[in-house]
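Heads up: the structure comes next, in structure tokens.
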2 protein chains.
Amino acid sequence: MATIKDVAQYAKVSVATVSRVINQNGYVNEDTRKKVEVAVESLNYKPNSVARSLFKKQSKTIGIIVPDITNPYFPELVRGVEDYLIQKGFTTILCNSDEDPEKERLYLDVMKQKYVDGAIIVSNTIERELIDGYDMPVVALDRSIHHDIPTFAIDNRDGGRIAAEHLLEVGCTRIGHIKGPDKVENADNRYLGYLDVVMHKDWFHSGYVVEGNFDQKQAVEVTKELLQNDREIDGIFAGNDTMALGALKAAESLNLNVPEDIAIIGFDGIDLTEMTKPELSTLSQPIYQMSREAAEALVALIEGELVQEKENIFPTTLIKRQSTKR
Amino acid sequence: MATIKDVAQYAKVSVATVSRVINQNGYVNEDTRKKVEVAVESLNYKPNSVARSLFKKQSKTIGIIVPDITNPYFPELVRGVEDYLIQKGFTTILCNSDEDPEKERLYLDVMKQKYVDGAIIVSNTIERELIDGYDMPVVALDRSIHHDIPTFAIDNRDGGRIAAEHLLEVGCTRIGHIKGPDKVENADNRYLGYLDVVMHKDWFHSGYVVEGNFDQKQAVEVTKELLQNDREIDGIFAGNDTMALGALKAAESLNLNVPEDIAIIGFDGIDLTEMTKPELSTLSQPIYQMSREAAEALVALIEGELVQEKENIFPTTLIKRQSTKR
DNA sequence: TTGAAAGCGCTAACAG
DNA sequence: CTGTTAGCGCTTTCAA
């Protein structure tokens, strides 16, 4: 690889001048600029980002921490981020945390050491104090971390309400809920939204809610139990799409028809929901848009703008499909 | 962040000594080592990887180029790579190429500038000459690039054969194939495997093969046509799982029962195949294992070992599920 | 066994 | 408008 020195020699100027033309700052005569440009071209010179990073203490790199890229919700999120960043000249480091605080720290340490310019974090466990220690711009995506860290998410409680109401509208009379893990804010809020709708129904009691841990297999099990305990249930709101799939399987194994015997709605709007039979109704999040805007905000932060809008709540969309058509 | 200088001052030694103890090379007295260790501890010193990279011309970072992380085949691939690399102290840059040679170049350029140590590439279009220009260790994953670049993949033709034979075994008498894009090696090979099995059947003619472009929506369309043109078809081998899903949908919309009226088998073994109804039979690739070994080989290459095994062909597994149970 | 010093490639004063 | 030079934080000769 040619260095700035080579270019300087070739163009018979100093390295400072070369630096000026490639960074387009400082005065430089039109003729010398031409000479340098020719040199850059002939030597196929590409500035060395590492040297630049060392000096500038920034790397044009950001990190994104997600629980697990293998979970179908995250690829689109990551894609939205990466698409925007590459276009702004940033490179994206992928970090799979498995929701493990230990790993999250490790990744944050590595980022700091590499002068990573900022991070986009999807996490339930990271604390604001930890982040402060790194002194690095951060935005929270999908779940909030602290109210003064810019957050890009949806209103989960409202979404839960909409989903539950939809089931009511299509004529369900007893609605169960497969809930995500306790203490996970998004799961809790979706549950609260559901409660808002059903709490005062005379049929409602806590037995209508089971814990599915955002996991398909577990959802199959708990849905079976739920359905066997109460034959009157004719609607299920699952806390995410993966569990909705589990519920679908459970219904099938009990020889219940969806949507005739039981309507099912999921949450998130991942592509999978279009692929099942019957196709799943779901409360869709604008995943790509949300993540893109999170990336925009992070870049703004990195470039020193102060982002005053801390809470960025995106609208959800109720997608009605076969699984709730009755 | 504390620098090596700070540590040296604190420990009252030179930076060279500090460097020696943190890198565990060169002689250093047990007592001074202790002093330095204390200093490192007290100052919470973490060596700056950027400075180190500048000197060493390597960055403990690798890039992985995939067509699109949003495509369900790739997250697991990426995960396999990332898991291994983080554990070996490497960081992973994610690159979505959309199979666009322009973007591939761009990413490779960026990698070079950042002293990225090597790349794992999934691409149909990248040429060996291009890679040579970057003078960087590379391994090919899922599809080969050139016979002297280490490749980690399966035997697609053999897989195609197994899938087609399975359909025959379960009693299919007319088997159609939804083929992936022309000129894409993996698609062509799966097709050839299918041909190996059916070519000499008296019923076979080219009308049994349609082009689905590895795309679900397109697969729905072409499968419908295929099935409407020839009512005798009772088995379909789709070139990947996504298209198998499309085929499933097409069958459904024509009121054909799977597997009774028509058996369907996919290819790849992505998680989705477990979630459909009926569950899809598929020819499963050891995605995680394959990608992990690719990462291992890349690290070996980076560390200067010469990897002599260029062709690493992994075994596939026929997974029999409901969609071919008859 | 340790320290001084050069240099990785680049940027940004500063001087001219 | 251009060149000289001092670092950015680290590693590694080379000498002591």
[X] [atom1] - [N] [atom2] separation (whole Å):
{"X": "B:Q58", "N": "C:dC8", "atom1": "CD", "atom2": "P", "value": "17 Å"}
{"X": "A:Q9", "N": "C:dG9", "atom1": "CD", "atom2": "C1'", "value": "14 Å"}
{"X": "A:Q113", "N": "D:dC8", "atom1": "CD", "atom2": "P", "value": "19 Å"}
{"X": "B:K12", "N": "C:dG3", "atom1": "NZ", "atom2": "C1'", "value": "17 Å"}
{"X": "A:K5", "N": "C:dC8", "atom1": "NZ", "atom2": "P", "value": "6 Å"}

So, for [X] and [Y], which heavy atoms are closest and what is the spacing to 0.1 Å?
{"X": "A:D135", "Y": "A:K112", "result": "O-NZ, 3.5 Å"}
{"X": "B:G63", "Y": "B:M111", "result": "CA-CE, 3.8 Å"}
{"X": "A:S53", "Y": "A:S59", "result": "OG-CA, 3.3 Å"}
{"X": "B:Y107", "Y": "B:N96", "result": "CE1-O, 3.4 Å"}
{"X": "A:E185", "Y": "A:S144", "result": "OE1-OG, 3.3 Å"}

Each nucleotide in nucleotides 11-16 of chain D should get exactly one letter: B, S or -. Can you fill that in based on protein heavy atoms under 4.0 Å? BBB---

For DNA chain C, whose closest nucleotide is more 5', that of B:Y115 or that of B:T32? B:T32

Identify each donor-acceptor pair in which a side-chain atom of residues 12-23 of chain B lies under 3.5 Å from a protein atom, sequence neighbours left out, and give them as a table.
residue : atom : partner : partner atom : Å
B:S14   : OG   : B:A16   : N            : 3.3
B:S14   : OG   : B:T17   : N            : 3.3
B:S14   : OG   : B:T17   : OG1          : 3.3
B:S19   : OG   : B:N23   : ND2          : 3.3
B:N23   : OD1  : B:R52   : NH2          : 3.4
B:N23   : ND2  : B:S19   : O            : 2.9

NA contact type, B:V13, heavy-atom cut-off 4.0 Å: base, sugar-phosphate, or nothing? sugar-phosphate

Looking at C:dT2, C:dC10, D:dG9, which one has an atom nearest to any side-chain atom of B:N29? C:dT2

